[in-house]
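In this chain, residues are counted from 1 in sequence order.
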Amino acid sequence: VRELVPVAHVMQACALGPNGALVYAAQYVAANVAWLCDRVTAALDALGDASRRARAYVLLDCAGQVELFTHYDVMHEVARALEPWLEAYSATAALWQHAYDGEQY
């Protein structure tokens, strides 16, 4: 995705902070989802035979704060656009890592 819309460039060109640039980039990907579908299809085609492709998973790792992707419909739009293109179903999982320093409290 960085090839399509580099966040650092968006920050500079649009005078946005990191979160605003991530929202803009996600919306740009949704508006240009055919580009993403072409890239994912090429990666799946590189797997070789159809049985390997049928067992493949496509993971979209979204950097940034979770609010960027829970308060906007853009990732839902991207996932739904990928479904017919890839002849697959989508699911969403919110995973995060939390560091806790017990000695600090």
Side-chain angles (χ1 to χ4, degrees):
V1 171
R2 290 181 187 130
E3 294 174 26
L4 178 64
V5 56
V7 172
H9 175 76
V10 171
M11 287 175 63
Q12 184 177 17
C14 300
L16 294 171
N19 289 347
L22 285 172
V23 170
Y24 178 95
Q27 292 170 337
Y28 192 84
V29 169
N32 296 279
V33 75
W35 177 91
L36 179 62
C37 291
D38 287 340
R39 298 294 178 152
V40 172
T41 300
L44 291 172
D45 288 345
L47 293 175
D49 64 61
S51 66
R52 288 188 69 196
R53 180 183 167 136
R55 294 188 316 265
Y57 286 85
V58 175
L59 301 176
L60 303 177
D61 181 13
C62 304
Q65 296 179 345
V66 69
E67 292 85 0
L68 297 175
F69 304 103
T70 58
H71 289 45
Y72 297 93
D73 289 334
V74 68
M75 292 310 296
H76 176 78
E77 294 169 16
V78 169
R80 290 289 180 226
L82 284 170
E83 284 182 355
W85 192 282
L86 300 175
E87 299 175 357
Y89 296 102
S90 64
T92 303
L95 308 173
W96 60 89
Q97 180 179 1
H98 177 72
Y100 174 71
D101 182 3
E103 294 180 16
Q104 188 178 14
Y105 298 99

Passing candidate, side chain to side chain contact (heavy atoms under 4.5 Å, CB included) with V1, options L60, V7, L36 =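 Exactly one pass, corresponding to L36.
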
Check [X] against [Y] and note the closest heavy-atom contact, atom names and distance.
| X | Y | result |
| --- | --- | --- |
| A26 | V74 | O-CG2, 3.0 Å |
| M11 | A21 | CG-CB, 3.3 Å |
| A81 | C37 | O-SG, 4.3 Å |

Quick note, salt bridge (charged side-chain N to carboxylate O under 4.0 Å, His left out) partners involving residues 68-80, not counting sequence neighbours, are R80-E83

Would you mind listing every salt bridge (charged side-chain N to carboxylate O under 4.0 Å, His left out) that reaches into residues 25-39, with sequence neighbours excluded?
-> E3-R39

Report the residues that fulfil side-chain contact (heavy atoms from CB on, under 4.5 Å) with [X], sequence neighbours left out, ordered by chain and then residue number.
| X | result |
| --- | --- |
| A79 | S90 |
| A31 | none |
| L4 | Y28, V29, N32, W35 |

Taking side-chain hydrogen bond (donor to acceptor under 3.5 Å, both in side chains) as the test, write out the residues that go with Q27, two or more places apart.
->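 Here no residue qualifies.
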
Non-neighbouring partners of D49 that pass salt bridge (Lys or Arg N to Asp or Glu O under 4.0 Å), sequence neighbours left out |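 If we apply the salt bridge (Lys or Arg N to Asp or Glu O under 4.0 Å) test to D49, skipping adjacent residues, there are no hits.
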
